[in-house]
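Step one of this worksheet: look at the structure below.
As the structure lists them, so they are numbered: ligands from 1, and atoms in each ligand from 1.
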Amino acid sequence: MKTIVIRFPLTANDFQKVVRILQAGGLVAVPTETVYGLAANALDPKALQKIFEVKGRPQDNPLIVHVGDRWAVRKLVSEIPESAKLLMKKYWPGPLTIVFKKSPKIPDSVSAGLPTIAIRMPRHSLIRRLSQAAGFPLAAPSANVSGRPSSTTPEDILEDLDGKIDCVIDAGGSYYGIESTVIDVSGKIPILLRPGNISIEQLRATLGKVRIARGNSLRPKSPGMKYRHYAPKAKLIVIEGRKENITKKIQSMLNRGRGKKIGVLTVQHPRAYRHDCVKFIGATNNLIARYLFRALREMDRKGIELILAEGIPEKRSGHAIMNRLRKAAGYNVIKV
Ligand code: TXA
Ligand code: MG
């Protein structure tokens with residue numbers, strides 16, 4: 001299959017072309033404000049099956065359904081609890097996914113057999129307009145091969161999926177750079193399943209009590225929690241602790257590791273280490289989130305064998321960043 005690349009903003013003709021691809025059951029990589037999504041008709045089991053195939057995604061990991069407007073939610077769920085109404089009012093459109101009890105009409109493959117469905121109304125208007133014009137909600141996992149860092153640029157998508165999907169819409173780098181916050185409101189007490197840009201502090205301010213799902217439990221609340229995720233090809237070690245200790249530890253590891261191709265991800269400045277492969281990914285949480293996955297993929301393209309990454313404080317979106325970084329490292333963490 002030839003994968004076509006279309007530049008954002010789309011001409012009216014291109015927009016219609018993409019709508020037709022989706023209506024025919026095709027797969028289109030679409031920008032959202034978090035990461036790129038691999039979109040298909042959420043009500044078409046054959047299209048959904050293709051998503052699982054091209055990503056190599058485990059069948060028991062359910063997909064997020066993206067809607068064009070709030071009204072579309074009614075048809076997908078069996079009830080909208082008060083907590084969900086508050087969240088939808090405050091954070092939609094935006095980087096928040098809400099897990100509801102699902103309507104019986106939803107294909108099983110969307111929710112991987114679970115009695116719930118994850119729904120998001122993104123801020124990026126293109127995916128919303130495509131859903132409205134096509135006439136159905138769009139299932140869209142991140143547009144990467146399962147297990148790899150999520151795609152935040154068109155190059156990332158092509159690296160993983162060229163020739164396997166119908167179309168990529170090129171809108172440059174993603175704004176947030178990490179995936180949406182996922183919160184489950186289908187039970188009595190809301191549960192944070194995946195941290196994201198909308199933080200636990202914000203969710204508690206809106207809802208009161210919110211539990212945090214434990215990432216490594218044997219029976220994960222969210223199937224996505226049990227798989228290796230966001231992983232670069234290189235070995236990745238996260239060094240956490242006080243800033244001075246982190247710097248010292250990484251510099252000593254660099255000194256000892258001569259001869260090996262080592263890359264460093266720093267949040268300090270490009271010359272924080274005496275070493276030739278140091279990537280400064282930003283000094284604020286917003287920038288670190290935006291460039292984290294890109295930097296991991298860049299290290300792989302350079303043939304780096306070992307990546308050393310600095311840990312950051314887990315305040316607000318720092319929680320989400322550290323969640324991604326630790327998972328990417330397979331929980332290979334050194335505390336100093
Ligand atoms: O920002 C995002 O959320 C991006 C963009 C494209 O919207 N999408 C994304 O999708 O990150 P994906 O498939 O890579 O991650 C979906 C996560 C997985 O961890 C999955 O297990 C969880 O959401 N999930 C989906 N449906 C669920 C459900 N019914 N109950 C619990 N977790 C669910
Ligand atoms: Mg993903």
Side-chain angles (χ1 to χ4, degrees), residues 27-40 42 48 51-52 54-67 76-78 91-103 106-124 126-128 130-131 137-152 156-157 160-161 169 171 174-187 190-198 213 215 219-231 289 293 317 320 323-324 327-328:
L27 305 187
V28 182
V30 183
T32 84
E33 70 276 20
T34 55
V35 299
Y36 277 83
L38 184 59
L48 296 171
I51 291 186
F52 283 91
V54 304
K55 279 184 61 90
R57 186 181 179 98
Q59 291 287 343
D60 65 349
N61 195 4
L63 305 171
I64 295 175
V65 173
H66 298 68
V67 292
L76 304 171
V77 305
S78 66
Y91 297 111
W92 279 11
L96 180 72
T97 297
I98 306 176
V99 175
F100 298 85
K101 285 190 185 131
K102 83 176 183 101
S103 144
I106 304 305
D108 264 349
S109 44
V110 172
S111 52
L114 293 176
T116 52
I117 179 169
I119 307 179
R120 174 158 109 84
M121 178 179 167
R123 174 126 17 108
H124 204 296
L126 178 65
I127 184 165
R128 283 192 276 133
L130 285 172
S131 165
L138 294 170
S142 49
N144 52 278
V145 161
S146 243
R148 298 272 301 143
S150 298
S151 291
T152 59
D156 299 346
I157 303 166
D160 282 16
L161 301 170
I169 295 167
S174 307
Y175 179 74
Y176 288 114
I178 57 173
E179 311 79 359
S180 61
T181 304
V182 181
I183 184 167
D184 182 348
V185 297
S186 69
I191 305 175
L192 175 70
L193 297 180
R194 181 174 71 184
N197 188 270
I198 293 170
R219 283 201 310 132
K221 272 297 271 181
S222 185
M225 290 162 73
K226 74 180 179 210
Y227 294 108
R228 177 123 198 256
H229 256 119
Y230 321 119
F293 288 144
S317 59
N323 166 275
R324 305 305 190 277
K327 280 194 178 183

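Nearest approach of Gly56 to Ser146, heavy atoms of both residues: O-CB, 3.4 Å. Contact record, Pro190 with Ile183: CB-CD1, 3.9 Å, taken as the closest heavy-atom pair. Taking both residues in full, the closest heavy atoms of Val110 and Leu48 are given as CG2-CD1, 3.3 Å, listed atom of the first, atom of the second, then distance. Heavy-atom minimum distance, Ala39 versus Ala140: CA-CB, 4.0 Å.
Lys101 NZ to Ile117 CD1: the interatomic distance, rounded to the nearest 0.5 Å, is 14.5 Å.
Counting the atoms of ligand 1 from 1 in the order shown, those under 4.0 Å from a heavy atom of Ala140 are 6 (C), 8 (N), 10 (O). For ligand 1, the atoms lying closer than 4.0 Å to a non-hydrogen atom of Ser180 are 1 (O), 2 (C), 3 (O). Every atom of ligand 1 with a heavy atom of Pro141 under 4.0 Å away is listed here by number and element: 10 (O), 12 (P), 13 (O). Atoms of ligand 1 found under 4.0 Å from any heavy atom of Gly37, numbered from 1 in the order shown, are 6 (C). Residue Ala118 has at least one heavy-atom neighbour below 4.0 Å for each of these atoms of ligand 1: 25 (C), 26 (N), 27 (C), 29 (N). Taking a cut-off of under 4.0 Å to the non-hydrogen atoms of Asn61, the atoms of ligand 1 that pass are 18 (C), 20 (C), 21 (O). Interface of Leu114 with ligand 1, defined as ligand atoms under 4.0 Å from a residue heavy atom, comprises 28 (C), 29 (N), 30 (N). Residue Thr116 has at least one heavy-atom neighbour below 4.0 Å for each of these atoms of ligand 1: 28 (C), 29 (N), 30 (N).
With a cut-off of 2.8 Å, the Mg ion (ligand 2) has no N, O or S atom of Asn144 in range.
Contacts between Ser111 and ligand 1, counted as non-hydrogen atom pairs separated by less than 4.0 Å, are absent for every part of the residue. The residue Lys102 has no part lying near ligand 1, judged by heavy-atom distances below 4.0 Å. Residue Leu193 touches ligand 1 through its side chain alone, judged by heavy-atom distances below 4.0 Å.
A heavy-atom separation below 4.0 Å is found between Arg57 and ligand 1.
Remark: ligand 1 and Ser142 share an N or O pair separated by less than 3.5 Å (distance only, no angle test). Geometrically, ligand 1 and Glu179 share no nitrogen or oxygen pair separated by less than 3.5 Å. At a 3.5 angstrom cut-off on N or O pairs, Tyr36 does not count as close to ligand 1.
Checked by atom type and distance alone, the side chain of Lys102 never pairs as donor or acceptor with a backbone atom of Ser111 at under 3.5 Å. A donor-acceptor pair is defined here as one N or O able to donate and one able to accept, closer than 3.5 Å; such a pair exists between the side chain of Ser174 and the backbone of Thr152.
No side-chain N or O of Thr32 forms a donor-acceptor pair with one of Arg123 less than 3.5 Å apart. Between Thr34 and Ser180, the side chains place no donor N or O within less than 3.5 Å of an acceptor N or O (distance only, hydrogens not considered).
Around the OH atom of Tyr175, the shell of radius 6.0 Å holds no more than 12 heavy atoms that belong to other residues, nucleotides or ligands.
Using a 4.0 Å cut-off between charged side-chain N and carboxylate O, Glu179 and Arg120 make no salt bridge.
Of the candidates Glu33, Arg194, His229, His124, the one placing a heavy atom closest to atom 11 (O) of ligand 1 is Arg194.
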